[in-house]
Colleague: 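Here it is, the structure in full.
Keep in mind that the numbers below use all heavy atoms, side chains included, and drop hydrogens, waters and symmetry copies.
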Amino acid sequence: MVTDPFSLRSPLIAPSILSANFAKLGAEMEEVEKFGADFFHLDVMDGHFVPNISFGPAIVKAARASTDAYLDAHLMISEPVRYAGPIAKAGAQSVTFHVEAVTDPAATAKELRKIGCHVGITLRPATPLETIMPALDLVDIVLVMSVVPGFSGQKFMPEVLPKAREIKKRLRADQRLEMDGGLNAQTVAAARDAGVDWFVVASAIFDHPDRKAALAEIREKIHG
Ligand code: DX5
Ligand code: ZN
């Protein structure tokens with residue numbers, strides 16, 4: 001269990017609770033933590049920026065009460081500035097906004113910095129690298145989406161790997177590269193080779209019949 005993922009240089013696994021059973025969220029988180037999860041990724045969706053609705057501050061608060069691990073919120077919402085505060089107040093330690101949702105990413109990053117938590121920027125697979133450049137120095141995390149955001153269980157899109165590699169070259173030592181979507185024991189090695197630090201995994205852990213083995217196999221591959 002990792003409370004400050006920025007204090008480590010090793011690759012880390014962040015299960016996304018999107019594929020967990022919400023009726024027993026605490027037990028689900030406790031189990032994967034016991035099996036080696038480093039911290040948790042929280043997918044907030046508003047049914048507007050993406051065609052799916054997941055959860056908001058109430059579930060973030062429930063997750064916070066269930067673990068001491070770092071909580072990383074991925075805001076797939078049209079109004080990140082409006083809701084990042086409540087998400088952080090509920091217990092998220094980072095808030096990552098989509099560059100496609102805002103008109104001025106640098107201004108958004110500056111605004112979110114005022115909350116006092118870590119700030120990330122993310123982009124859809126089809127969104128070019130140049131769009132995030134104005135905000136690159138103002139964020140702690142760059143999250144490269146390796147599926148079209150909205151749902152777990154989609155197929156990994158290897159075409160995002162060159163973009164991830166290019167971003168990694170431009171990051172400072174205190175910034176982290178995260179990847180999200182379609183990661184599993186078969187795809188994480190390619191992400192690792194592109195320079196990914198943090199690996200978000202939902203279905204390949206929570207939907208696996210043997211979660212312990214799934215985590216161990218992913219861990220082995222990311223350390224390759
Ligand atoms: C997708 C979400 C992801 C998702 C990943 O919109 O941002 O975090 O839960 O799910 P898997 O690992 O199943 O692709
Ligand atoms: Zn996500």
Side-chain angles (χ1 to χ4, degrees), residues 13-26 28-29 32 37 39-67 69-103 105 108-109 111-112 115 117-127 131-132 135 139-157 160 178-184 187 198-207:
I13 305 171
S16 159
I17 65 165
L18 192 59
S19 291
N21 180 345
F22 288 104
K24 46 173 184 170
L25 181 61
E28 295 275 271
M29 292 175 70
V32 296
F39 63 96
F40 290 95
H41 180 84
L42 309 180
D43 286 305
V44 177
M45 304 181 186
D46 65 355
H48 186 255
F49 180 75
V50 288
N52 192 12
I53 299 176
S54 58
F55 55 80
I59 295 288
V60 175
K61 196 173 168 193
R64 178 72 291 159
S66 306
T67 184
Y70 188 85
L71 297 180
D72 168 48
H74 174 194
L75 306 182
M76 285 163 274
I77 64 178
S78 296
E79 294 188 76
V81 172
R82 182 167 176 187
Y83 295 108
I87 294 290
K89 192 158 179 256
Q93 287 150 294
S94 65
V95 287
T96 293
F97 69 97
H98 266 272
V99 68
E100 303 89 355
V102 303
T103 49
T108 302
E111 193 59 34
L112 296 184
I115 295 169
C117 63
H118 293 123
V119 174
I121 190 166
T122 181
L123 69 179
R124 291 184 181 127
T127 303
T131 59
I132 67 164
V139 297
D140 305 295
I141 304 160
V142 178
L143 169 59
V144 173
M145 289 306 301
S146 40
V147 297
V148 176
F151 299 90
S152 343
Q154 302 182 76
K155 199 170 170 290
F156 182 70
M157 297 171 68
V160 304
E178 185 175 27
M179 190 166 273
D180 180 8
L183 291 172
N184 55 42
T187 56
W198 297 352
F199 300 78
V200 175
V201 187
S203 54
I205 292 172
F206 284 106
D207 294 349

Colleague: Could you tell me which residues satisfy side-chain hydrogen bond (donor to acceptor under 3.5 Å, both in side chains) with Ser146, sequence neighbours excluded, listed by chain and number?
Modeller: none
Colleague: Return yes if some donor-acceptor pair links the side-chain N/O of Asn52 with the main-chain N/O of Gly150 below 3.5 Å, else return no.
Modeller: yes
Colleague: Looking only at non-hydrogen atoms, find the nearest pair between Ala84 and Val95 and report the distance.
Modeller: O-CG1, 3.9 Å
Colleague: Sort out for me which residue in Leu18, Leu71, Ile59 forms a side chain to side chain contact (heavy atoms under 4.5 Å, CB included) with Leu42.
Modeller: Leu71
Colleague: Do the side chains of Val32 and Phe40 get nearer than 4.5 Å, heavy atoms only?
Modeller: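 In short, these two side chains touch, coming nearer than 4.5 Å.
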Colleague: Residues in side-chain hydrogen bond (donor to acceptor under 3.5 Å, both in side chains) with Tyr83, at least two apart?
Modeller: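 Partners of Tyr83 under the side-chain hydrogen bond (donor to acceptor under 3.5 Å, both in side chains) test: none.
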Colleague: Is any side-chain heavy atom of His74 less than 4.5 Å from a side-chain heavy atom of Val200?
Modeller: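 No, too far: nothing below the 4.5 Å cut-off.
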Colleague: What are the two closest non-hydrogen atoms of Ala90 and Pro57, and how far apart are they?
Modeller: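 Closest approach of Ala90 to Pro57: CB-O, 3.4 Å.
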Colleague: Heavy atoms only: give me the nearest Leu25-Ala20 pair and the separation to one decimal.
Modeller: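 Closest heavy-atom pair between Leu25 and Ala20: CD1-CB, 4.2 Å.
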Colleague: Please tell me if the side chains of Met145 and Val160 come closer than 4.5 Å, counting only heavy atoms from C-beta onward.
Modeller: no
Colleague: Only one of Val99, Val144, Thr122 clears side chain to side chain contact (heavy atoms under 4.5 Å, CB included) with Thr127; which?
Modeller: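 The side chain to side chain contact (heavy atoms under 4.5 Å, CB included) with Thr127 is passed solely by Val99 among Val99, Val144, Thr122.
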Colleague: Where do Gly91 and Val60 come nearest, in terms of heavy atoms and distance?
Modeller: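 In this case the closest contact between Gly91 and Val60 is N-CG1, 4.1 Å.
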Colleague: Look only at the side chain of Gln154 and the backbone of Val148, and say whether a donor-acceptor pair between them is shorter than 3.5 Å.
Modeller: yes
Colleague: Taking all atoms of both residues into account, what is the closest heavy-atom pair of Tyr70 and Gln93, and its distance?
Modeller: CA-OE1, 3.1 Å
Colleague: How close do Ile77 and Val44 get, counting heavy atoms only, and between which atoms?
Modeller: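 Shortest heavy-atom contact: CG2-O, 3.7 Å.
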Colleague: Classify the angle between the aromatic ring planes of Trp198 and Phe39 as parallel (below 30°), tilted (30 to 60°) or perpendicular (above 60°).
Modeller: perpendicular
